[in-house]
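One structure below.
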Amino acid sequence: MTGWRHNSLGQIDRSKPIRFRFDGSELEGFDGDTIASALLASGVRVVGRSFKYHRPRGIFSAGNEDPNAIVDVTLDGSTTPNLRATTEKLRDGMSVASVNTSPNALTDNKRFIDWVQRFLPAGFYYKTFMLPGWMRWEPMIRNMAGLGSLDRNNHPPAIVPQINATCEVLVVGAGPAGLAAARSAVEAGDKVWLVDDGEELGGSLRWLGGEINQAPWEDYVRDTVEIIKNSGGCVLTHTVLWGAFDHGLYAAWDRGYPEKGRQWRIRAERVILAAGAIERPLWFANNDLPGVMLAESGLNYAKNYGAIAGRKIVLATGNNRSYAVAQGLSEAGADVILADARDKSDCPAESGDFETRYTATVQAASGRNGVSRVSFRDGNVEADCLLVSGGYTPSVHLWCQAGGKLDWDVKGDVLVPRGNMNRMQVVGAANGCFDLDAALAEGHQAGGGTGHAPKSQGQVKYHSTQMRPDRELKGRQWIDFQNDVTLKDVALADREGFRSVEHLKRYTTLGMATDQGKTSNFAGLAAMSTLTGRTIPETGTTTYRPPFEPVPLNSISGRRRANLFNPVKRLSLENVYREAGAQFREYGGWLRPSVYGTGDQAKLAQSEAYCARKSVGLYDASPLGKIEVLGPRAAELLDFTNYVRMSTLKPGRARYGFMLSESGVVFDDGVVMRIDDDRFIVSASSSHVEGVRMILEEIRQDRFGSNGAVTQDVTSNWTTFSVTGPRAAELLKSAGISLPALSHMDVIELEQDGIPMRIARISFTGDMSYEISVPSRYGRDLDSRLASGLGVLQGSRIGLEAVMILRAEKGYILVGKDTDGITMPHDLGWVGPREKRLDEYQGKRSLFTDEATRNDRRELVGLEGSDGDNPIPTGAHLIPGNEARRSLGFVTSSYFSEYLNRPIALALLESGLSQIGEQITWFDNGRTGTATVSSACFFDSNGGRLNG
Amino acid sequence: MQLFECPFCGKRSETEFHFLVETGKPRPEPSADVSAQEWTNYLHLQAALEEEVSEIWVHRTCGEFLILRRNTRTREIIASEPLPGREQ
């Protein structure tokens, strides 16, 4: 028990206590606390165990850079894993659990792993899993490593809104530089968005304090917010700007306290990056012990939460900013010793409130489950908290994500942005400027405002000395706390040749944890540069990629999940079919009736198909694409886009054809109807309509110019019924539709009882069929007229499963099911145009390549045979009966046909057409059987029924 | 996410666009006279340069094809125009 709650400091609301649990114990915090500040004030030191060695770990910082305080949080019955205790607000009834521990953080039963650490060097996994028998170890190792545990019942609803926004100037970070920049940009007339990930604006002012323009800094913040809002701008707190993308797009996750969060997509003309800097740790033996904390975080906890990290505090530093920290904590009542690595002559004036030691560097920290002693070269100091400051690393993440480069500033010991990019300027600590006045001036200038820059009062000038890991020190020095990488691991990587930063990172996992190396990357880089004798710029940095901070995936997916992920298209008469007992499935993006009634779907489909063969079947064919092609050059356009010539088609007739891609592969098939000389309707497969239209448009715009023809997709304007079977004409008659005699492939437009109709005698089943299209508003009326005649004729509504059987009986293909990415029309038996057409058409040259003219191409055939009582499994491979096994092709469609009383299948088979009548072996998941190769048409091969 | 310019609709998100081909590649025809190598080059060979390029894209939401000149290194959009011969 070391941390304690001050009785007056902080922004917390002491009238609102909040009860919560940590690893089972009941604790209390206040409204305004984060989980981390409440734990700290409650005296909890060990908040988790490290990833690899199960070392005890405590709260290390007060922001999103914290590598240790990772917790699982249960609230309202569901658990969210791996949250950062330092950035989560405390809420009533929260149950917080440490990760990677059992039974709890303090008495973790895998703490022995740390004693065998020398057997777990960097690259441990790479080395271990080269040995034989690694499979035996893997589950155990997996079990030992890791972070939080997933709550399988936690399905957050898809309700996170994603909002697009634009602004002229986006200011990232509302510390002194960001505030000055935002204010001066507003004064220059820009619409400004100011975004900060803290709960309040002010950045480091919130703990370091100070006066700006002779007034408390709080007044400056309040005025700035007011002028931004008054000028139409926006201020967001609790919002982390986590990604910079092309053309000025920025992603920001708004935690949205107290409501639910949201995701912002902000397009900014100009960005001023004032993201501040992250304090560096120090390196000495056991620098990862609980009780070791970043110096400014210690002051932040005291000033904003009244949580004081210890009673006896040692502050080890090498820079001037730490003096304000020591002052603040000693004023709060802690006993502070400041140990500065510099000579007294470089340091600020001594304070009467705390002891200062000069040229003092920490050699080691020791203690059981937390710091109790700090060792210097000349003796030990008893302490329960060790604050550290090894300098600052500018937060240049977004700059680098946006493509910016870095320069090495030797004097400041920092990597800073090189120059300014077109759309982004970096100011303040993010630019390596740690002086308050200078940061205010940089911000003011970047904002573009006129007049004097804001001035602060009474700040000590910034000075620092270079702090580095020291290889001569005894004991283990942590570089990366979250992934357990020590200085020795970096040295090992160097010895084994992994010297490039990108190799170092992957070999040791340095910087690869969920903190993304915010406190560790620089130390790793500096250590490697010392080991290899190269400079920091020569050693280089790893690549910065979004997200800057972990962002919940459900906020990125937003509302596009479940039903809204890829919404199905729905039939206008869906409810009519539901009432008629239909079951629905998705077919090519459309929700359509699969079968009618309840029970075994396959059996239902068979009897529906049987009924359609015996009498008449009725189904909704509206999803079938209807693309109108109009204009004097329409026929010419369709000739080019189609494998079969369409210009020779007479008005009132339809023709089946293929659309090929330029590579000669069948892209779609379907019927083209010619209504008039200059008016065609292309009926595309229901799932290919947009693709077919795009090809038509590409050819039209590229080859024909815009005045020769136009195309339009009118699919959704029409409701189409298909009536199929020997009694199809009778059903039309009973519905009151009187027709002139139509032959197969005739099309007419007519008006019946005031309803305009297009009726085509085209068939997808091989039986006499009529396709009747009416404007959708007449669909319901026509459906009830057609359906009421079904009973007398002993016909029925049929679902798509039955249609699949019927078309397979006839050998009609589905492109994409019975064809694949190499099927050409001659593989399907359509050789005529390839041999005879002299004019140019899409894909023509590809039909004559060496590949296209091979004699062992896979061709469409039928198969007769079965798998016991079942059809041959769809997808089964066809293999030679005797030789070494190899696939000669595969089964593409396979059904039991009740009408034929046997199973039937379609297949693509090498040289299939020349093997008709021969036996072939099929193979499916280890099972085999035999089948006889046949023509792909099993029904009405002479067309008597079709033409009937 | 880049903002591409459609000559008809203005700036739109790149996800609304679809790449077709680099410009300056007339379709070789008649096919009887086209060698296998010429056809392969036409179908599959894109220069994919990392510099200023000129490409044909389609703005899928309006269905218009366009010529887009852009710099693939800096992601700068230089110009956007309709296909030639649109008014014929």
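Within every chain, numbering begins at 1; the chains are lettered A, B, ... in the order of the sequence lines, protein sequences first and strands thereafter.
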| remark: CZ of B:Arg60 to CD of A:Glu697, rounded to nearest 0.5 Å, is 14.5 Å

| said: I need the residue from B:Met1, B:His18, B:Glu76 with the largest number of non-hydrogen atom pairs under 4.5 Å to chain A. | reply: B:Met1

| note | Under 4.5 Å to a heavy atom of chain A? For B:Val58 that would be side chain

| request: Decide if atom CZ of A:Arg560 counts as having more than 12 heavy atoms of other residues, nucleotides or ligands within a radius under 6.0 Å. | output: no

| query | Taking every heavy-atom pair that is under 4.5 Å apart, which of A:Glu690, A:Arg265, A:Arg267, A:Met694 has the most such pairs with chain B? | reply | A:Arg267

| task | Report the distance from atom CG of A:Asp246 to atom CG of B:Leu3, rounding to the nearest 0.5 Å. | result | 9.5 Å

| Between B:Ser35 and chain A, which part of the residue has a heavy atom less than 4.5 Å away: side chain, backbone, both or neither? | backbone

| said: Between the side chains of B:Arg27 and A:Glu840, is the shortest nitrogen-to-carboxylate-oxygen separation below 4.0 Å, so that they form an ion pair? | reply: yes

| Under 3.5 Å, side chain of A:Gln701 to main-chain N/O of B:Gly63, donor-acceptor pair present? | yes

| said: Would the distance check show the side chain of A:His247 and the main-chain N or O of B:Ser13 forming a donor-acceptor pair, the cut-off being under 3.5 Å? | reply: no

| task | Taking all heavy atoms of B:Leu43 and all of A:Ser663, pick out the closest pair and write down the distance. | result | CD1-CA, 4.1 Å

| message | Please classify the contact between A:Arg693 and chain B as side chain, backbone, both or neither, with a heavy-atom cut-off of under 4.5 Å. | response | neither

| Side chain, backbone, both or neither: which part of A:Ser846 has a heavy atom under 4.5 Å from chain B? | both

| Heavy-atom contact with chain B under 4.5 Å, split by part of A:Glu698 | both

| field | Interchain contact, A:Arg703 with chain B, by part (heavy-atom threshold 4.5 Å) | value | side chain

| For atom CG of B:Asp33, is the number of surrounding heavy atoms from other residues, nucleotides or ligands below 6.0 Å larger than 12? | yes

| said: Distance check, rounded to the nearest 0.5 Å: B:Ile56 atom CD1 versus A:Asp702 atom CG? | reply: 5.5 Å

| query | Given A:Glu662 and B:Tyr42, is the side chain to side chain contact (heavy atoms under 4.5 Å, CB included) satisfied, shown in steps? | reply | CA-CA 10 Å; A:Glu662 276 286 35; B:Tyr42 171 69; 4.0 Å; yes

| query | Does the A:Arg845 side chain pair with the main chain of B:Trp39, one donor and one acceptor, at a distance under 3.5 Å? | reply | no

| query | Are there more than 12 heavy atoms of other residues, nucleotides or ligands under 6.0 Å from atom NZ of B:Lys25? | reply | yes

| field | Heavy-atom contact with chain B under 4.5 Å, split by part of A:Phe848 | value | neither

